[in-house]
Undergrad: 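Questions regarding the structure given below will be posed in turn.
Values in this document were obtained by computation on a predicted structure and should not be read as measured data. Chain A is the first sequence line, chain B the second, and so forth, proteins listed ahead of strands; every chain is numbered from 1.
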There are 2 protein chains.
Amino acid sequence: MPRIRIERKEATRLSILRAARTVFVSKGFHEATTHDVAREAGLSVGSIYTYFRSKDDLIRESILAANKDETDAVLRDVRSSGTVREKMARAIAGWYAYTLEEPGVPAFLAEAWAVASRKPLIRDLVARRRERIVTVAMVILQEGVADGELTPNLDVDAAARAVAALLDGVILESIESGASPPQMDIERRVLLLLGPEIAPVVRRGNDPSA
Amino acid sequence: MPRIRIERKEATRLSILRAARTVFVSKGFHEATTHDVAREAGLSVGSIYTYFRSKDDLIRESILAANKDETDAVLRDVRSSGTVREKMARAIAGWYAYTLEEPGVPAFLAEAWAVASRKPLIRDLVARRRERIVTVAMVILQEGVADGELTPNLDVDAAARAVAALLDGVILESIESGASPPQMDIERRVLLLLGPEIAPVVRRGNDPSA
DNA sequence: GACTATAATGAATGCTCGTTCAGTTTGTTG
DNA sequence: CAACAAACTGAACGAGCATTCATTATAGTC
């Protein structure tokens with residue numbers, strides 16, 4: 001049981017995963033071939049099957065790895081003090097750095113969502129990803145309520161889910177525009193949810209039929 | 001130039017598009033075969049090619065048709081009076097009925113987004129879809145500002161894009177959870193953007209390092 | 001009721017791709 | 001260094017697929 005062997009094996013496995021991600025991003029899961037992945041990794045096709053049971057397995061593991069990277073990025077700087085806005089801005093900064101500045105991540109996520117709608121196994125993976133993001137948002141908002149910064153009757157769950165949905169929507173927007181919106185814009189939009197950028201609705205004279 | 005021929009041809013074309021949508025939803029663009037579409041439409045494979053140049057062409061046309069359906073649904077009840085909240089609620093109702101109550105629409109959109117990240121032609125289609133939704137939101141918000149219902153220094157563009165992103169995020173959420181969130185929940189979240197559900201941030205004693 | 005343009009057919013074609021496995025190379029150990 | 005196992009190789013296989021096209025069926029016209 002040589003230790004070096006094990007480390008080597010793990011390294012090769014990671015290099016295949018890295019290669020897979022590159023190829024999946026540029027071609028999509030389906031048009032990317034196992035031969036493509038092997039070439040990108042500097043290996044032969046056969047080797048892939050030493051490390052992964054099948055192409056589907058490779059796809060699943062590659063999504064799993066991406067989720068881990070994103071979660072790490074989001075959580076990096078959250079546990080710290082400050083106002084709700086400051087904490088939220090920091091969380092968004094970490095998320096932004098991984099998701100929108102790292103090239104190819106939006107395309108990769110879009111692929112994952114497409115597959116998720118048909119394959120329960122993949123669906124579970126991306127659902128867990130969302131839950132993690134929602135949890136981060138909930139913690140921040142909950143603290144805001146506890147500190148009296150936010151109104152006590154805030155529906156924390158709804159607000160946290162709104163933040164997560166908004167962020168995912170921004171990912172789609174970046175795909176469509178071909179470029180990431182500036183980080184500031186995203187912060188501003190999320191903060192719309194948290195503050196009086198939009199004034200309270202004031203009923204005026206017009207209360208018509210409907 | 002027999003008139004009947006033309007009508008018949010159009011009808012067949014539409015039935016192929018309908019069949020394509022059904023198959024694309026259940027299998028995804030790639031795993032769906034032209035034979036599948038033909039069988040679903042009650043035709044032979046060859047016939048598909050009387051109406052569409054290629055499978056890619058069929059995919060493109062099918063996305064185009066779906067976009068039209070969605071836009072029609074969103075615009076149906078918007079042009080009417082009431083408060084900003086009422087108008088927004090009506091627009092969301094139309095959007096919800098088409099997007100989340102119609103089975104398969106989220107899956108179809110997810111497929112489109114995945115392809116959009118790699119194919120400029122498809123990207124243009126889905127980008128136009130977003131622009132239409134943003135425009136509807138902007139019109140509603142703009143009217144709110146003009147009526148004095150919303151604060152004059154509201155960044156209408158940012159807010160409208162936030163609404164659109166939020167809605168798209170909800171589509172992804174519905175894919176992941178395997179069920180649509182209730183329409184009320186979505187309204188509540190969008191309205192978070194429009195009102196004081198969350199109280200203004202109040203600076204309290206703690207103003208630390210940062 | 002024949003005639004003709006149009007539409008529909010589906011077997012055949014050529015290609016791509018996931019997966020396998022018999023054989024080769026590489027690295028470790030005694 | 002010899003012996004062995006782990007890791008790697010890539011040609012070959014077989015299944016599946018988009019697309020074509022020679023042929024057949026059909027609907028509209030005179």
Side-chain angles (χ1 to χ4, degrees), chain A residues 1-63 111 114-115 118-119 121-122, chain B residues 1-63 111 114-115 118-119 121-122:
Chain A
M1 300 85 191
R3 170 160 317 169
I4 295 170
R5 285 258 165 119
I6 294 171
E7 283 168 5
R8 219 166 100 70
K9 205 168 175 186
E10 191 52 29
T12 308
R13 197 188 127 90
L14 281 178
S15 82
I16 292 174
L17 276 177
R18 238 194 321 271
R21 169 128 111 188
T22 304
V23 175
F24 288 157
V25 161
S26 71
K27 296 196 162 188
F29 289 143
H30 194 267
E31 288 183 45
T33 71
T34 50
H35 292 75
D36 288 335
V37 174
R39 193 177 328 114
E40 177 72 28
L43 291 168
S44 68
V45 231
S47 288
I48 306 279
Y49 289 85
T50 309
Y51 295 88
F52 300 93
R53 229 186 304 281
S54 64
K55 189 187 175 186
D56 271 359
D57 188 35
L58 182 54
I59 291 173
R60 214 178 55 242
E61 295 285 340
S62 129
I63 292 175
E111 284 291 323
V115 180
R118 286 171 284 109
K119 309 250 163 112
L121 235 95
I122 305 293
Chain B
M1 299 87 187
R3 173 160 314 168
I4 296 170
R5 286 258 164 119
I6 293 170
E7 284 167 6
R8 221 168 94 72
K9 207 170 171 181
E10 190 53 28
T12 309
R13 198 189 126 89
L14 281 177
S15 82
I16 293 174
L17 276 177
R18 237 194 321 272
R21 170 127 109 189
T22 303
V23 176
F24 287 157
V25 161
S26 72
K27 295 194 162 191
F29 290 142
H30 288 295
E31 287 183 45
T33 71
T34 50
H35 291 74
D36 288 334
V37 175
R39 192 177 329 113
E40 177 73 28
L43 291 168
S44 67
V45 231
S47 289
I48 306 279
Y49 289 85
T50 307
Y51 296 88
F52 300 93
R53 229 187 304 282
S54 63
K55 189 187 175 186
D56 270 0
D57 189 35
L58 182 56
I59 291 173
R60 215 178 53 242
E61 296 285 341
S62 132
I63 292 175
E111 284 290 322
V115 180
R118 286 171 283 108
K119 309 251 163 114
L121 236 96
I122 305 295

Undergrad: Tell me: NZ of B/Lys27 to C1' of D/dC17, nearest whole Å?
TA: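 Result: 12 Å.
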Undergrad: In whole angstrom, give the distance that lies between atom CD1 of A/Ile48 and atom P of D/dA7.
TA: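 A/Ile48 atom CD1 is separated from D/dA7 atom P by 15 Å.
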Undergrad: Can you tell me how the ring of B/His30 sits relative to the ring of A/His30, calling it parallel under 30°, perpendicular over 60° and tilted otherwise?
TA: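 Geometry flag for A/His30 against B/His30: parallel rings.
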Undergrad: If you apply the rule side-chain contact (heavy atoms from CB on, under 4.5 Å), what do you find for B/Ile63 with B/Phe29, and how did you get there?
TA: CA-CA 11 Å; B/Ile63 292 175; B/Phe29 290 142; 4.1 Å; yes
Undergrad: Nearest whole Å is fine: how far is D/dC17 P from B/Tyr49 OH?
TA: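 To the nearest whole Å, that distance equals 12 Å.
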Undergrad: Would you say B/Lys9 reaches C/dT6's phosphate, i.e. side-chain N/O to OP1/OP2 under 4.0 Å?
TA: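 For B/Lys9, the contact criterion (side-chain N or O under 4.0 Å from OP1 or OP2 of C/dT6) is not met.
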Undergrad: Starting at CG of A/Leu58 and ending at C1' of C/dT19, how long is that distance when rounded to a whole Å?
TA: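 Spelled out: CG on A/Leu58 to C1' on C/dT19 is 14 Å.
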Undergrad: How long is the line joining CD1 of B/Ile59 and P of D/dA18, in whole Å?
TA: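 Spelled out: CD1 on B/Ile59 to P on D/dA18 is 9 Å.
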Undergrad: Should B/Arg53 and B/Glu61 count as an ion pair when the cut-off is N to O under 4.0 Å?
TA: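 B/Glu61 and B/Arg53: not salt-bridged.
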Undergrad: Whole angstrom is fine here: how far is it from CD in B/Glu10 over to P in C/dT6?
TA: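 After rounding, the gap between these two atoms is 17 Å.
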Undergrad: Go through it in stages, so that I can follow the logic: the residues are A/Lys27 and A/Glu40, the test is salt bridge (charged side-chain N to carboxylate O under 4.0 Å, His left out), and I'd like the CA-CA distance, side-chain angles, deciding distance and then a yes or no.
TA: CA-CA 13 Å; A/Lys27 296 196 162 188; A/Glu40 177 72 28; over 6 Å; no
Undergrad: Begin with the C-alpha distance, continue with both residues' side-chain angles, and end with the deciding distance and a verdict on side-chain contact (heavy atoms from CB on, under 4.5 Å) for B/Arg21 and B/Leu17.
TA: CA-CA 6 Å; B/Arg21 170 127 109 189; B/Leu17 276 177; over 6 Å; no
Undergrad: If you look at every heavy atom in B/Phe52 and B/Asp57, which pair is closest and at what distance?
TA: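 Residues B/Phe52 and B/Asp57, closest heavy atoms: CA-OD2, 3.7 Å.
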Undergrad: Calculate the interatomic distance between A/Arg53 atom CZ and C/dT20 atom P; express it in whole Å.
TA: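 About 11 Å, once rounded to whole Å.
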Undergrad: Is any side-chain nitrogen or oxygen of A/Ser47 closer than 4.0 Å to OP1 or OP2 of D/dT9?
TA: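 Result: yes.
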Undergrad: If the cut-off is 4.0 Å, is B/Tyr51 near the phosphate of C/dA8, judged by side-chain N/O to OP1 or OP2?
TA: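 It does, given that an N or O in the side chain of B/Tyr51 lies less than 4.0 Å from OP1 or OP2 of C/dA8.
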Undergrad: Can you list, in residue-number order, the parts of residues 32-45 of chain A that come under 4.0 Å of DNA chain C, counting heavy atoms only?
TA: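 The answer is A/Ala32, A/Thr33, A/Thr34, A/His35, A/Val45.
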Undergrad: Which residues pass the side chain to side chain donor-acceptor pair (under 3.5 Å) test with B/Thr33, not counting sequence neighbours?
TA: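 Result, side chain to side chain donor-acceptor pair (under 3.5 Å) vs B/Thr33: B/Asp36.
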Undergrad: How long is the line joining CD of B/Glu31 and P of D/dA15, in whole Å?
TA: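 Distance, rounded to whole Å: 18 Å.
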